[in-house]
Amino acid sequence: MYYSKLFGKTSKTVSADEESVNAQFLIRGGFVSKQMAGVYNYLPLGLRVLTKIQNIVREEMTAIGGSEILMPSLTQEESYKTTGRDTMDVLFHTEGPGGAKYVLNPTHEEVVTPLVQKYTFSYQDLPLSVFQIQNKYRNEPRAKSGILRGREFNMKDLYSFHANEESLNEFYEVAKKAYHKVYTRLGLGDITVLTYASGGAFSRYSHEFQTLNEVGEDTVYFCEECRVGINKEIIADQNSCPECGNMDLVQKNGIEVGNIFKLGQKFSSAFGFKVLDAEGKELPVEMGCYGIGPSRVMGTLVEVFHDEKGIIWPEAVAPFKYHLLALGREDETFAEAEKIYKNLVASGAEVLFDDRRDVTAGVKFADADLIGLPVRLIVSKKTLDQQSVEMKKRNEAESKLVPIADLV
RNA sequence: CGGGGUGUGGCCUAAUUGGUAAGGCGUCUGGUUUGGGACCAGAAGACUGCAGGUUCAAGUCCUGUCACCCCGACCA
């Protein structure tokens, strides 16, 4: 991709209102543009990051047997009356022609349960799981912290359906492992801990995945040995580590980057979703739900991986791997840089090429640091004199010369 | 939703006890410059969030309203 043709621009300044690091760097770097509180436009750079996060999540959900679907954002309010959730504070309500009442889905139990019910009649159809990656709408009383807590945000939600509790429990553990894999691939594995949290109305506990970070809204007490924690909200009924019994817990702030629940029969019973067992008797369906917010993950990554100059993207989600800068003003330099760019792209590399721009080298350096691609490559008269390009990793201080012949 | 704060060209800011909007960034033109956010000259771009009110005169004071940020509450 030619930087000169990329929609979106970097900026030296950002409103003093934007205190959160993720909002500052994502806006300044041209990844996102704020529409209103808690609602963002994703520009090409930001969309590439978001898509990469989604793809990692997608791969791991597919790997545990999830079938990807896409459900609507808009749903009849009636469905929420069925489950009694029509009075939720965070629900956005809207109207259709003739006064038809709709809501914007804050989560999709009310959609997925009757949907799966429509195609599922026998215990032999179970277990099954479906997931989607889609935007959710929640009328948060207070949107905050850049893209960490929005009113519209991207979410992967997977729902599993089972003929009995054992099957649910079994799948729940499989999903838990898949979630760990996701965070490991995102580069957050070391600082993301499984955390026991409130199960709401459905079960005693749910599990959250908390990325330990100063800006986190949640307070987590966790065991440094087994890396399992307890959310402060349930510390009253559990004051030692649920996994190992360790009483010596460490307190940290956490960003909730995932949450998994055993829903039990809450939604299946509301919709009368039953299947027939081997004897032809009706069985209530057990459900689980499993959420990860790719947009929140993106904000979390910025909070975790940055320095004073900008973002330091983990390679797995960086919008491009290489940031190729052509410096100087000689036509030959740009011609050479262009060749190198084309060769890299032809070899399958993802390259952002900061080609001819009427700016000084310093501007290109500053933009590269801000955008935060993993590897910076510089082509200039200086490097070409040695048939080389200069290579520097974003998270390292030292650069080295690499012969052009060895690049690809 | 309670408390606090802030709204000024596209962006960031300034404007004394009220006196008729200034600078920087960015953009455009021309020239110089080119390995860490260069420089010179010129240009375009604002009924100061919105609606009222006080006043000879309001960016500035008052009332209302909307928006945004922070703290708290909330958070399947």
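The chains referred to below are lettered A, B, ... by the order of the sequence lines, with proteins before strands, and numbering in each begins at 1. As the structure is a computational prediction, the values presented were derived from the model and not from experiment.
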**Item:** Counter-base of A57(B), judged by Watson-Crick or G-U geometry with both distances under 3.5 Å
**Value:** none
**Message:** It should be established whether Lys364(A) places a side-chain nitrogen or oxygen under 4.0 Å from OP1 or OP2 of nucleotide U34(B).
**Reply:** no
**Item:** For C74(B), the Watson-Crick or wobble counterpart (both distances under 3.5 Å)
**Value:** none
**Asked** Does any N or O in the side chain of Lys364(A) come within less than 3.5 Å of the main-chain N or O of Asp354(A), such that one atom is a donor and the other an acceptor?
**Response** yes
**Message:** With a 3.5 Å limit on both atom pairs, tell me what U48(B) is paired to, counting Watson-Crick and G-U wobble, or say none.
**Reply:** none
**Message:** Under 4.0 Å, heavy atoms only, any strand: does Ala366(A) hit a base, just the sugar-phosphate, or nothing?
**Reply:** base
**Prompt:** On RNA chain B, nearest-nucleotide positions of Lys144(A) versus Thr10(A): which is more 5'?
**Reply:** Thr10(A)
**Prompt:** If you pin Asn259(A) and Thr383(A) to their nearest nucleotides in RNA chain B, which one's is more 5'?
**Reply:** Thr383(A)
**Asked** What is the nucleic acid contact for Glu390(A), judged by heavy atoms within less than 4.0 Å: base, sugar-phosphate only, or nothing?
**Response** base
**Item:** A22(B) - base-pair partner by Watson-Crick or wobble geometry, distances under 3.5 Å
**Value:** U13(B)
**Prompt:** For C12(B), does OP1 or OP2 lie under 4.0 Å from any side-chain N or O of Ser15(A)?
**Reply:** yes
**Request:** Just call it for Val359(A): base, sugar-phosphate, or nothing, with non-hydrogen atoms closer than 4.0 Å on any strand.
**Result:** base
**Request:** Assign Arg376(A) to base, sugar-phosphate, or nothing according to its heavy-atom contacts below 4.0 angstrom with the strands shown.
**Result:** base
Ignoring hydrogens and angles, write down the donor-acceptor pairs under 3.5 Å from the side chains of residues 110-117 of chain A, residues two or more places apart or on other chains.
from: Glu110(A); atom 1: OE1; to: Arg85(A); atom 2: NH2; distance (Å): 2.6
from: Glu110(A); atom 1: OE2; to: Thr83(A); atom 2: OG1; distance (Å): 2.5
from: Glu110(A); atom 1: OE2; to: Arg85(A); atom 2: NE; distance (Å): 2.7
from: Glu110(A); atom 1: OE2; to: Arg85(A); atom 2: NH2; distance (Å): 3.4
from: Thr113(A); atom 1: OG1; to: Glu109(A); atom 2: O; distance (Å): 2.7
from: Gln117(A); atom 1: NE2; to: Phe271(A); atom 2: O; distance (Å): 3.1
from: Gln117(A); atom 1: NE2; to: Gly272(A); atom 2: O; distance (Å): 3.1

**Base-pairing mate for C28(B) - Watson-Crick or G-U, with both contacts under 3.5 Å** = G42(B)
**Request:** Just call it for Asp89(A): base, sugar-phosphate, or nothing, with non-hydrogen atoms closer than 4.0 Å on any strand.
**Result:** nothing
**Message:** Distance criterion of 3.5 Å, no angle test: do you see the side chain of Arg28(A) paired donor-to-acceptor with the base of G26(B)?
**Reply:** no
**Request:** Confirm from the modelled atom types if Asp367(A) and G37(B) form a donor-acceptor pair under 3.5 Å, side chain to base only.
**Result:** yes
**Watson-Crick or G-U counterpart of U33(B), or none if no pair lies under 3.5 Å** = none
**Message:** My understanding is that a pair needs two contacts under 3.5 Å, Watson-Crick or G-U wobble. By that rule, which nucleotide pairs with U6(B)?
**Reply:** A67(B)
**Prompt:** Between Thr360(A) and A38(B), does any side-chain N or O lie under 4.0 Å from OP1 or OP2?
**Reply:** yes
**Asked** So, Lys5(A) and Asp355(A), do they make that salt bridge, N to O below 4.0 Å?
**Response** no
**Request:** Assign Val363(A) to base, sugar-phosphate, or nothing according to its heavy-atom contacts below 4.0 angstrom with the strands shown.
**Result:** base
**Request:** Can you label the angle between the Tyr3(A) ring and the His323(A) ring as parallel, tilted or perpendicular, going by 30° and 60°?
**Result:** tilted
**Item:** Whole-Å P distance, C47(B) and C71(B)
**Value:** 33 Å
**Item:** Axial cation check for Phe320(A) ring with Arg48(A), 6.0 Å and 45° limits
**Value:** yes
**Request:** Determine: side-chain N/O of Arg142(A) to OP1/OP2 of G2(B), distance under 4.0 Å, yes or no.
**Result:** no
**Message:** Give me the distance, rounded to whole Å, that separates A57(B) from U20(B) when you measure between the C1' atoms they each carry.
**Reply:** 8 Å
**Request:** Verify, without hydrogens or angle tests, whether Ser4(A) (side chain) and Tyr2(A) (backbone) share a donor-acceptor contact under 3.5 angstrom.
**Result:** no
